[in-house]
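So the structure is just underneath, and the comments pick up after that.
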Number of protein chains: 2
Amino acid sequence: MADRPAESPVRLAAETWESLFRAQVAVMRRLQSGPAFKSIALNEYDVLFTLSRCPSGWLRLNELNDHILLSQSSLSRMVERLEKRGLVERMPAPDDGRGVLLKLTEAGSELQKQIGRIHVRDIEALMTPSLTAAEQRELLRLTEKLRGAVARH
Amino acid sequence: MADRPAESPVRLAAETWESLFRAQVAVMRRLQSGPAFKSIALNEYDVLFTLSRCPSGWLRLNELNDHILLSQSSLSRMVERLEKRGLVERMPAPDDGRGVLLKLTEAGSELQKQIGRIHVRDIEALMTPSLTAAEQRELLRLTEKLRGAVARH
DNA sequence: CGGATATACATGCATTTGCATCTATCGCCG
DNA sequence: CGGCGATAGATGCAAATGCATGTATATCCG
């Protein structure tokens, strides 16, 4: 793309992060503007999606919060709204009196699947023409590694 | 990381995007919580940063909007706030009566550099232990390619 | 040229967000 | 056991956000 001379670790790290960030912004913009997200915001879908992937069906609010880029209070209120819309169900955690467990309702699961199908196709339409399968696998590997390392304090 | 069987292109694309997205969230969380972003939000810093990288010094509002994950109206107001704080300067575009040009003020440039120094060190502290230099270069290449392909309609 | 359509940015308004703080429960340690 | 700091989540409130729309300018096309 550009001629890039030997760089300091600091500069390389900064450029890598910036590129990752901008790529995320570019893709996100496209996805958000698609028809899939008229009835529900992407953040909200993300909650439904995360819940759908949860083996037990139930997820703690604070665990959910780790996945979502929202403050604790904002997530609390967002879940409140989703509950009002009948998409998720709350229940006090049995083993922790402070905690709240979340689960998709039938309607929430339905909506997640419906949006999910479109969403996944939108993603594929963006990724496949942009990167080869091998490149995607490598990008997947690198971002998993990065996330793992960053998450692990 | 996990055993991953041969996957359909759709599934691969979806997993790659999800991983990219979650990695971005994980890194972003860490960066936002750092001490560098007490005086200014990350989005706001991003504006200052983008302006600082602009060769002519002046940038159109709509071009800026392409880089930032914000609606047009929100950006408009954010710039208004930055102007009130004395960090950026506005000027009507000479060649387009509808447009507005933006530039960092001296104070804005100062602040950008000051935050930037800390920010860049924070980034390095996250990236370098997570990925080798070669991996970072590859991640940089892949995200640039992705962004390029997505941006180009 | 002139009217129609598109683009750039601003603004009113309802919704969403985050910070600070509050309440309740948990876990630890004397 | 009992007190105390830590953690989970809720809430008041000011600020930020996005949608719809408004205004002005630009561009296209007959």
Side-chain angles (χ1 to χ4, degrees), chain A residues 25 28-48 50-51 58-85 87-103 153, chain B residues 25 28-48 50-51 58-85 87-103 153:
Chain A
V25 168
M28 185 64 98
R29 262 192 182 289
R30 297 310 225 69
L31 291 176
Q32 275 183 337
S33 67
F37 296 99
K38 294 302 172 190
S39 55
I40 193 174
L42 209 147
N43 264 347
E44 296 175 328
Y45 171 75
D46 204 7
V47 168
L48 303 189
T50 305
L51 287 176
W58 293 96
L59 193 64
R60 280 290 290 272
L61 213 45
N62 58 348
E63 296 178 280
L64 182 58
N65 212 153
D66 295 337
H67 288 286
I68 310 282
L69 197 55
L70 265 186
S71 70
Q72 178 269 319
S73 57
S74 300
L75 179 60
S76 177
R77 279 189 239 259
M78 190 172 113
V79 166
E80 185 180 55
R81 270 172 269 140
L82 291 174
E83 190 185 30
K84 244 171 229 157
R85 284 213 254 166
L87 300 174
V88 306
E89 201 178 325
R90 295 168 115 137
M91 147 181 165
D95 58 331
D96 186 337
R98 302 162 298 177
V100 169
L101 288 175
L102 280 183
K103 184 171 87 95
H153 223 208
Chain B
V25 167
M28 185 64 98
R29 261 189 183 291
R30 297 309 224 67
L31 292 176
Q32 276 183 337
S33 67
F37 295 99
K38 294 299 171 192
S39 55
I40 192 174
L42 208 148
N43 264 347
E44 296 174 330
Y45 171 74
D46 204 9
V47 167
L48 303 190
T50 305
L51 287 175
W58 294 95
L59 192 65
R60 280 292 290 272
L61 213 45
N62 59 347
E63 296 179 282
L64 182 58
N65 212 153
D66 294 339
H67 288 285
I68 311 283
L69 197 55
L70 266 186
S71 70
Q72 179 269 317
S73 57
S74 300
L75 179 61
S76 178
R77 279 188 239 259
M78 189 172 113
V79 165
E80 186 180 54
R81 271 171 269 142
L82 292 174
E83 189 184 31
K84 246 171 229 159
R85 284 213 255 165
L87 299 174
V88 306
E89 201 177 327
R90 294 166 114 138
M91 148 182 163
D95 58 330
D96 186 337
R98 301 163 301 177
V100 169
L101 287 175
L102 280 182
K103 185 171 86 100
H153 223 211

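This is a predicted model, so every value here is computed, not measured. Reminder, nothing fancy here: chain letters follow the sequence lines and each chain counts from 1.
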(request) Just compare dG9(D), dA10(C), dT17(D) and give me whichever is closest to any side-chain atom of L61(B). (result) dA10(C)

Side-chain donor-acceptor pairs under 3.5 Å in residues 72-80 of chain B, sequence neighbours left out?
unit_1, atom_1, unit_2, atom_2, d
S73(B), OG, S71(B), OG, 3.3
S74(B), OG, S71(B), OG, 2.9

(message) Measure CZ/R60(B) against P/dA26(D) and give the value in whole Å, please.
(response) 10 Å

(request) May I ask you to list the residues of residues 63-75 of chain A, by number, that have any heavy atom positioned under 4.0 Å from an atom of DNA chain C? (result) L70(A), S71(A), S73(A), S74(A)

(message) I want to check one thing: is the phosphate of dT7(D), taken as OP1 and OP2, less than 4.0 Å away from some side-chain N or O of N62(A)?
(response) no

(message) Can you pull out every salt bridge (charged side-chain N to carboxylate O under 4.0 Å, His left out) where at least one residue sits in residues 87-102 of chain B? Sequence neighbours excluded, please.
(response) R60(B)-D96(B), E83(B)-R90(B), D96(B)-R98(B)

(message) Among dA10(D), dA10(C), dT16(C), which nucleotide has an atom closest to any side-chain atom of R81(A)?
(response) dT16(C)

(request) For S76(B) and for E44(A), find the nucleotide of DNA chain C with the closest heavy atom, then tell me which residue's nucleotide is more 5'. (result) S76(B)

(request) Rounding to 10 degrees, work out the angle separating the end axes of the helix from dC1(C)-dG30(D) to dG30(C)-dC1(D) (five pairs an end). (result) 30°

(message) Please report the distance, rounded to the nearest Å, between CD in E80(A) and C1' in dG18(C).
(response) 15 Å

(message) Does the protein touch nucleotides 24-29 of chain C at the base, only the backbone, or not at all? Give it as B, S and - per nucleotide, heavy atoms under 4.0 Å.
(response) BBS---

(message) So, using side chain to side chain donor-acceptor pair (under 3.5 Å) as the criterion, who are the partners of S33(B) when residues are at least two apart?
(response) none

(message) Has R29(B) got a side-chain atom pairing as donor or acceptor with L70(A)'s backbone, closer than 3.5 angstrom?
(response) yes

